[in-house]
**Student:** 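Structure provided below as structure tokens; questions to follow.
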Amino acid sequence: MPRRLFRLFFALLLALFLVASSCGNDDDGPAPQAAEAPEPAPTEAPTQPAPASTEAPEPESAPTEMPTEPEPAPTEAAPSPTEAPAPAPEPTEAAPDRPQRIVSLSPTATEILFAIGAGEQVVAVDEYSYYPPETPVTDLSGWDPNVEAVLSYEPDMVVISNDANDLMAAMDAVGVEVHLNSAPGDIEGGYASIAELGIAVGRVDEAAALVADLRAEIDAALAAAPDVEVRVYHELGETHYSASSNSFIGAVYAAMGAINIADEADVDGYGFPQLTEEYIVEADPELIVITDQVSYTAEDVAARPGWGEVSAVRNGNIVVVNADVASRWGPRLPQFINAVAEALNSVASPVS
């Protein structure tokens with residue numbers, strides 16, 4: 001076959017082959033899908049991300065809880081900023097420990113404050129707080145206090161012996177601290193009262209030193225008292241109010257072993273019963289104690305009608321003591337105990 005004819009024949013065969021191959025691909029559709037299996041993968045991939053996005057809302061619940069927990073966290077964290085100025089708490093604790101402007105409406109408390117070195121912190125005291133001499137005495141009243149008058153001294157602490165006129169509530173309303181220095185029931189209570197006041201004004205060590213000194217002096221004074229029972233009548237005024245063993249004054253007599261004639265009359269345990277002349281004469285006290293604050297003298301007592309046969313009058317055992325020293329449980333208490341101990345020593349006969 002001539003070369004030219006062969007080339008034509010070969011080209012014809014090649015064309016027929018290409019046509020047949022093209023028709024075969026259209027009939028075998030499934031094969032290409034299997035061949036292109038990579039596409040099913042993308043179809044399953046979104047199917048799996050979908051669950052992921054379905055669980056992604058869980059992050060939405062997490063954020064819903066996160067704001068709940070984060071809020072407490074900041075709330076708890078806030079204290080740390082507030083505590084960060086922890087110097088704030090410290091000054092707050094230091095302030096009560098050492099108030100700088102104290103107003104004292106209690107003569108006893110005033111004596112204690114100056115005895116423990118807190119006098120420099122006291123800016124005003126009531127009309128009866130005239131001891132020691134350097135106290136800043138004013139016309140303030142401890143029995144009928146005036147809130148405006150007290151506040152005019154701009155105190156950061158007010159010391160009182162009783163809550164007259166609801167002073168504590170009034171001071172609390174304006175943010176002023178109040179220390180209630182109530183009368184103790186016995187000598188140990190007096191020591192505790194001094195210690196508590198020392199803590200309140202930031203003079204703990206000084207108060208402890210004062211208590212130690214007082215304890216030593218009082219123990220010595222009590223030891224010096226005679227070891228005998230003596231009937232005692234402590235008269236507070238001409239209306240015959242007295243101090244029983246349920247009072248601080250009476251506790252001093254009890255500590256010395258004396259028999260207080262007011263005890264039997266103090267049925268309600270108030271500490272300050274009112275006696276009658278008949279009762280006093282019948283009780284026959286061997287020692288009568290009056291204060292220098294009354295308007296009469298020992299001679300006046302001895303001259304009372306019907307009192308001539310009372311042992312204390314008959315034997316001249318009527319003692320006058322300093323009213324302030326006798327009624328206050330502060331630094332001058334040993335003076336009162338020594339005076340009474342000396343008087344007891346002068347009583348000639350024990351109780352029969």
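We use all heavy atoms of the structure for the numbers below, so side chains are in, but hydrogens, waters and symmetry mates are not. One is the number of the first residue; the rest follow in order along the sequence.
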**Student:** Between Asn181 and Ser193, do the side chains contain a donor N or O and an acceptor N or O under 3.5 Å apart?
**Tutor:** yes
**Student:** Rounded to the nearest 0.5 Å, how far does CG of Asn246 lie from CZ of Phe272?
**Tutor:** 9.5 Å
**Student:** Quiz question: by atom type and distance under 3.5 Å, do the side chains of Asp263 and Ser245 form a donor-acceptor pair?
**Tutor:** yes
**Student:** Using only atom types and a distance under 3.5 Å, with no angle test, would you say the side chain of Asp266 pairs donor to acceptor with the backbone of Ala262?
**Tutor:** no
**Student:** Any side-chain heavy-atom pair from Val319 and Leu287 closer than 4.5 angstrom?
**Tutor:** yes
**Student:** When you check the side-chain N and O atoms of Ser311 and Asp284, is any donor under 3.5 Å from an acceptor?
**Tutor:** yes
**Student:** Rounded to the nearest 0.5 Å, how far apart are CG of Asn317 and CG of Leu344?
**Tutor:** 9.0 Å
**Student:** Taking the side chain as C-beta and beyond, is there a heavy-atom pair between Val232 and Asn260 under 4.5 Å?
**Tutor:** no
**Student:** Closer than 3.5 angstrom, by distance alone: can the side chain of Glu286 be matched with the main-chain N or O of Arg231 as a donor-acceptor pair?
**Tutor:** yes
**Student:** Would a 4.5 Å heavy-atom cut-off, applied to side chains only, mark Val159 and Ile102 as touching?
**Tutor:** yes
**Student:** Less than 4.0 Å between a side-chain N and a carboxylate O, is that true for Arg101 and Glu177?
**Tutor:** no
**Student:** Run the numbers on Arg304 and Glu235 for salt bridge (Lys or Arg N to Asp or Glu O under 4.0 Å), then give the verdict.
**Tutor:** CA-CA 14 Å; Arg304 288 172 180 170; Glu235 183 171 280; 2.9 Å; yes
**Student:** Quiz question: by atom type and distance under 3.5 Å, do the side chains of Gln293 and Thr291 form a donor-acceptor pair?
**Tutor:** no
**Student:** Give the intermediate values and the outcome of salt bridge (Lys or Arg N to Asp or Glu O under 4.0 Å) for residues Arg203 and Glu120.
**Tutor:** CA-CA 12 Å; Arg203 300 283 180 173; Glu120 62 189 30; 3.0 Å; yes
**Student:** Below 4.5 Å, heavy atoms only, C-beta onward: do His179 and Glu196 meet side chain to side chain?
**Tutor:** yes
**Student:** Would you be so kind as to tabulate the donor-acceptor pairs closer than 3.5 Å made by side chains of residues 208-223, with sequence neighbours excluded?
**Tutor:**
{"residue": "Arg215", "atom": "NH1", "partner": "Glu188", "partner atom": "OE2", "Å": "2.9"}
{"residue": "Arg215", "atom": "NH2", "partner": "Glu188", "partner atom": "OE1", "Å": "3.4"}

**Student:** Please round to the nearest 0.5 Å and tell me the distance separating atom OG of Ser129 and atom CZ of Phe114.
**Tutor:** 9.0 Å
**Student:** Where the side chain of Ser242 meets the backbone of His234, is there a donor-acceptor pair that is under 3.5 Å apart?
**Tutor:** yes
**Student:** Is there side-chain contact between Asn338 and Glu342, with at least one heavy-atom pair below 4.5 Å?
**Tutor:** no
**Student:** Enter the distance from Tyr131:OH to Thr110:OG1 here, rounded to the nearest 0.5 Å.
**Tutor:** 12.5 Å
**Student:** Considering only Ile, Leu, Val, Met, Phe, Trp and Tyr, and joining two whenever side-chain heavy atoms are under 4.5 Å apart, list the other residues clustered with Met168.
**Tutor:** Val103, Leu105, Val123, Leu140, Val147, Val150, Leu151, Tyr153, Val158, Ile160, Leu167, Met171, Val174, Val176, Val178, Leu180
**Student:** Run the numbers on Val321 and Val325 for side-chain contact (heavy atoms from CB on, under 4.5 Å), then give the verdict.
**Tutor:** CA-CA 8 Å; Val321 297; Val325 172; over 6 Å; no
**Student:** Does one side chain, of Tyr130 or Asp324, offer a donor that lies under 3.5 Å from an acceptor on the other?
**Tutor:** yes
**Student:** Answer yes or no: is there a donor N or O on one side and an acceptor on the other, between the side chain of Asp300 and the main chain of Thr297, under 3.5 Å?
**Tutor:** yes
**Student:** What do you reckon, is CD of Glu277 surrounded by more than 12 foreign heavy atoms closer than 6.0 Å?
**Tutor:** yes
**Student:** Has Glu238 got more than 12 heavy atoms of other residues, nucleotides or ligands less than 6.0 Å from its CD?
**Tutor:** no
**Student:** Out of curiosity, Asn322 CG to Phe336 CZ, how far, rounded to the nearest 0.5 Å?
**Tutor:** 10.5 Å
**Student:** Regarding Ser141 and Asp144, do their side chains bring together a donor and an acceptor under 3.5 Å, going by distance alone?
**Tutor:** no
**Student:** Taking the basic N atoms (NZ, or NE/NH1/NH2) and the acidic carboxylate oxygens, is any pair closer than 4.0 Å for Arg332 and Glu111?
**Tutor:** yes
**Student:** Which Ile, Leu, Val, Met, Phe, Trp or Tyr residues join Ile290 in one cluster when any pair of side-chain heavy atoms under 4.5 Å counts as a link?
**Tutor:** Tyr233, Ile261, Leu275, Tyr279, Ile280, Val281, Ile288, Val294, Tyr296, Val301, Trp307, Val310, Val313, Ile318, Val320
